[in-house]
Each structure stands twice: as C-alpha cells, then as structure tokens.
Chemist: 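Sharing a structure below in structure tokens format, with a few things to ask.
Fair warning: this is a prediction, and the values are worked out from it, not measured in the lab. Just so it is clear, the values below take in all heavy atoms, side chains as well, and ignore hydrogens, waters and symmetry mates.
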Amino acid sequence: MTESGRLPGTLPILIGAAVMMTLTMGLRQSLGIFMQPAVQDIAITISEFTLAIAVQNLLWGLFQPFAGAAAVRWGYRPIMLGGAAAYAAGLFMLAGADGLVMVIVGAGLCIGIGMACASVAMAMSVTAQSVSAARRSTMLGVMSAAGSIGTLIAAPIGQLLQEGDGWRVGVLGFAVLALLILPAAWFAGRVDKAAPIASVTGAADGLNAWAAVGLSFRHGPFMVMAAAYFVCGMQLIFLTTHLPAYLELCGMDPMLGATALGTIGGFNVLGSLFFGWAGGRWNKRLLLGGIYVLRSGVLAWYFLAWPTPETTILFAAMMGFLWLGVSPLVAGLVVEMFGLRWQAMIQGLAFMSHQVGSFLGAFGGGWLFDRMGSYDLALQIGVGIGLAAGIVQMLSSVSGPAGLARPA
C-alpha cells in the first residue's frame with residue numbers, strides 16, 4: 001500500500017470494475033423498454049416476460065454467494081470473465097427469441113448468472129480491496145455511481161434502435177455493448193495479484209467459508225440489514241420493469257419511459273456519490289433506513305396522481321438520487337462487520353434477500369396487472385412494506401455498533 005492509501009496499479013483495476021458495473025447494471029435495468037413490443041411479437045403475456053426478469057433476479061441472488069466464495073478460491077478474474085460471457089450470450093439469445101423458453105433462458109438464466117459473477121458485489125469487493133479504509137466508503141460510492149451511467153446511456157440508445165429497426169435490433173445493440181464487459185472484467189481481475197484477499201482485517205477473515213456464513217447468520221444487525229434489503233429489490237425492479245409499460249398505458253410517449261430511466265441513471269450518479277461520502281461520516285444503517293422511507297414516500301406521491309411528462313421526470317430524478325445509494329452503504333457495512341476476505345460472499349447472502357424482493361417486484365407486478373388490470377395493489381404493497389422496512393432499519397441503528405471484534 002502506498003502512502004496515498006492506494007495499491008500500486010490500482011487505477012486500471014478501478015476503471016475495469018467501473019466499466020463492468022456500468023454495462024451490467026445499465027443494460028439490465030433498461031430491458032423494460034422492450035417489454036411491450038416483445039410480448040406482442042413473440043405472442044407471450046406481460047407476466048410471462050416479467051417471469052424471465054424475475055428468474056434473472058432470483059438466480060442472481062442465489063448464485064451471488066457462490067460466486068463470491070469461488071473468487072476467494074480461484075480468483076476474481078476467471079469468475080468475472082465467465083459472468084461477462086454468460087451476460088453477452090443471454091442478450092444475443094433474447095434478440096433471437098421466438099418463444100418463452102428462449103426469453104427465460106436468455107434474459108433470465110444467462111443474465112442472472114452473469115450479474116452474479118460480474119456485477120455489483122464483485123465490483124464492490126474489488127474496489128474495497130484496492131483502496132485504503134479511509135477512502136473506502138467514498139470509492140464505493142463512486143463505483144455505485146458507475147452503475148448509474150449505464151442506465152443513463154443504455155435506455156435512450158435502446159429506445160432509438162427499437163423505434164428505428166424494432167425491438168430485436170435494440171436488444172442486439174445491447175448485446176454488442178455487453179461484449180465490452182469482457183475486457184473490463186479482465187482489467188478488474190488484476191486485483192488477484194495486486195491485493196492479498198486472505199489478509200486478516202475483520203471478524204470473518206480468519207474463518208473458512210462455512211464458518212463465515214454461520215457468523216453472519218448469527219449477527220443481528222446483519223440480518224436486519226439483509227431483511228430490509230428485500231424492499232430495495234422489490235421497489236427498484238418493479239420500476240425498471242413496469243414503468244415504461246405504465247406510461248404507455250397512460251397514453252404517454254414511449255420515449256418518456258426511456259427518458260425517465262435515463263434520468264434515474266443520471267441522478268443516481270449524484271445519489272451514489274453522496275451516500276458513499278455520507279457513509280464515511282454518519283451511521284450507515286440510519287442512512288439505509290432513511291433511503292427506504294424516502295423512496296416509499298416518493299412512490300406514493302407519484303402514483304397517486306395521473307402522470308405528466310413533468311411529474312415523471314421529477315419523480316425519476318428523486319428516485320434516481322435514492323436508487324443505488326444503498327450499494328456503498330451495504331458494502332461498507334459488510335466490511336465493517338466481517339472484513340474484506342469474504343465480503344463478496346457475505347454481501348451475496350444479503351443480496352439473496354434483495355433478489356427475492358426483485359423476483360416479486362418483477363413477476364408479482366406483472367401477475368397482479370394481468371389479473372386486476374392495473375398496478376394499484378402492487379404499488380400499495382410496495383409502499384407499505386417499504387415504509388415498514390425503513391423504520392425497522394432506522395430503529396436498529398440505535399441498538400449498538402454493527403461491527404464484530406476480530407477473533408484472536
């Protein structure tokens with residue numbers, strides 16, 4: 001470690017992780033713009049399309065802990081490269097889909113595995129291991145902001161390609177962009193040589209994988225954080241999947257949905273940077289709870305009234321600021337609680353809860369819409385659970401310190 005608190009050769013690692021995060025998050029968060037034309041072309045229902053997105057999120061959560069454990073054993077580079085290849089393959093398969101099976105395998109299975117191996121948890125873990133403790137929270141915020149830039153760029157590109165040449169060309173454009181994840185993962189994988197991941201810095205670093213899992217499940221603040229993380233997944237994936245369709249149903253210009261997703265991405269850059277900075281100065285658990293409560297209030301405000309272009313963009317800006325700010329806070333808390341070595345795996349355990357919420361947000365929203373003809377009940381559930389989770393998370397922040405003593 002240099003005097004500046006940075007490992008030699010860190011910049012290529014951080015740039016690679018940022019590009020990887022930008023593409024994996026941005027492309028998948030923009031898939032909702034293809035839902036309406038895709039279901040009409042392939043002759044499937046909205047709930048069937050959202051089932052694929054739900055499968056993607058569920059598999060992402062289920063595979064994440066295993067990907068994190070595998071990175072400790074075999075290194076980050078091979079795991080991230082494998083995930084990048086699976087991600088691109090999934091988009092190429094979706095572009096050529098002629099039935100539900102190919103949609104589920106491409107958008108669901110392949111992208112889900114790709115996200116587990118080459119997205120948030122891995123990029124955050126690579127970042128945490130590459131910078132000093134003093135700069136860690138801020139740099140995690142920067143990395144989270146990188147995930148926003150992809151949405152800012154991808155949604156408008158996809159919509160323009162779709163309007164000009166059809167939804168399949170739009171998805172194919174996404175697939176070509178996804179090929180750039182491979183070199184990004186290669187450079188981010190230099191962390192295997194730059195940072196010794198076995199160094200003991202926290203309570204779980206001297207343990208094997210199973211003992212680290214057991215320690216996390218016995219840690220009260222971690223379990224509260226993981227349970228509240230469910231709401232984050234449910235609210236965000238509901239919006240990325242269903243907001244474009246909701247706006248079309250309300251008679252809005254289809255481009256407004258893509259513009260809203262892009263606005264979310266743009267303001268998420270600001271929110272991620274702010275919460276990364278704030279997490280280094282204030283109680284991370286209190287900040288997490290505040291995000292969930294504020295999100296729920298913004299959702300209730302927007303969907304209680306008929307949307308207009310102006311309120312939609314304002315809504316997107318507010319939600320964007322609160323979007324991925326949870327990522328640096330959760331990643332930072334995991335490091336504080338358990339250390340660096342098993343960060344990707346333990347963060348993946350919390351992320352399983354997030355992805356169960358994502359499954360319900362994507363598929364549950366589509367299922368309720370097919371049966372009720374509106375999103376009203378889905379929104380009421382999302383707002384109510386969000387408020388409850390935020391309050392519980394905030395109350396837990398006053399129960400004591402989140403960290404554990406390092407074992408002797």
Side-chain angles (χ1 to χ4, degrees), residues 9-34 56 60 63-64 67 71 75-96 106-107 109-127 130 139 142-162 164-165 167-192 194 240 258 261-262 264-266 268-269 272 324 327 344:
T10 293
L11 188 58
I13 296 172
L14 295 177
I15 291 174
V19 172
M20 184 177 72
M21 181 93 157
T22 294
L23 292 171
T24 54
M25 291 296 292
L27 296 176
R28 72 168 289 277
Q29 286 182 341
S30 303
L31 290 178
I33 66 176
F34 304 119
Q56 172 200 118
W60 179 8
F63 275 95
Q64 186 67 78
Y76 282 87
R77 178 174 282 170
I79 304 303
M80 293 189 298
L81 285 173
Y87 194 106
L91 284 170
F92 279 112
M93 186 173 296
L94 177 61
L109 176 64
C110 292
I111 295 181
I113 293 174
M115 292 298 294
C117 297
S119 191
V120 180
M122 306 301 268
M124 290 294 189
S125 186
V126 164
T127 301
S130 301
M139 288 307 301
V142 171
M143 194 57 55
S144 181
S148 315
I149 297 172
T151 306
L152 179 65
I153 298 170
I157 289 176
Q159 187 63 40
L160 287 172
L161 289 173
Q162 176 176 247
D165 300 289
W167 74 273
R168 293 184 188 274
V169 173
V171 177
L172 188 61
F174 275 18
V176 173
L177 286 174
L179 293 175
L180 297 175
I181 303 170
L182 287 162
W186 176 269
F187 280 103
R190 292 177 61 173
V191 74
D192 292 332
T240 57
L261 292 180
I264 287 172
N268 190 24
V269 174
S272 295
L324 283 183
S327 294

Chemist: Search all heavy atoms of Ala86 against all heavy atoms of Ile113 and return the closest pair with its distance.
Modeler: CB-CG2, 4.5 Å
Chemist: Side chains of Ile111 and Leu31, heavy atoms from C-beta outward: is any pair under 4.5 Å?
Modeler: yes
Chemist: Please list, chain by chain and in numerical order, all residues satisfying side-chain contact (heavy atoms from CB on, under 4.5 Å) with Leu81, sequence neighbours excluded.
Modeler: Arg77, Leu182, Ala185, Trp186
Chemist: Can you name the side-chain contact (heavy atoms from CB on, under 4.5 Å) partners of Ala89, sequence neighbours left out?
Modeler: none
Chemist: CZ/Phe187 to CG/Leu11 distance, rounded to the nearest 0.5 angstrom?
Modeler: 11.0 Å
Chemist: Working to the nearest 0.5 angstrom, can you tell me the gap between Leu161 CG and Phe174 CZ?
Modeler: 8.0 Å
Chemist: List for me each residue that meets side-chain contact (heavy atoms from CB on, under 4.5 Å) alongside Ala123, sequence neighbours excluded, and say none if there are none.
Modeler: Ala17, Met20, Met21, Met143
Chemist: Write down the atom of Cys117, the atom of Gly83, and the distance for their closest heavy-atom approach.
Modeler: CB-CA, 3.5 Å
Chemist: For a 4.5 angstrom cut-off between non-hydrogen side-chain atoms, does Asp192 reach Pro78?
Modeler: yes
Chemist: Check whether the side chains of Gln56 and Trp60 place a donor and an acceptor atom closer than 3.5 Å, and report yes or no.
Modeler: no
Chemist: Check side chain to side chain donor-acceptor pair (under 3.5 Å) between Ser119 and all other residues, then give those that pass, not counting sequence neighbours.
Modeler: Thr24
Chemist: Of all heavy-atom pairs between Gly90 and Cys110, which one has the smallest distance, and what is that distance?
Modeler: CA-CB, 3.5 Å
Chemist: Got a sec, which residues hit side-chain contact (heavy atoms from CB on, under 4.5 Å) with Ala178, two or more places apart in sequence or on another chain?
Modeler: Leu27, Tyr87, Ala88, Leu91, Ile181
Chemist: What pair of heavy atoms forms the shortest contact from Gln64 to Met115, and how long is it?
Modeler: OE1-O, 4.0 Å
Chemist: Could you report the tightest heavy-atom contact between Phe34 and Gly158, atom names first, then the distance?
Modeler: CE2-O, 3.8 Å
Chemist: Could you note down all residue pairs passing salt bridge (charged side-chain N to carboxylate O under 4.0 Å, His left out) where residues 168-183 supplies at least one of them, sequence neighbours left out?
Modeler: Asp41-Arg168
Chemist: Which atom names give the shortest non-hydrogen contact between Ala116 and Met122, and what distance separates them?
Modeler: O-CG, 3.7 Å
Chemist: Counting N and O atoms only, with roles assigned by atom type, does the side chain of Thr22 sit under 3.5 Å from a partner on the main chain of Ala18, one being a donor and the other an acceptor?
Modeler: yes
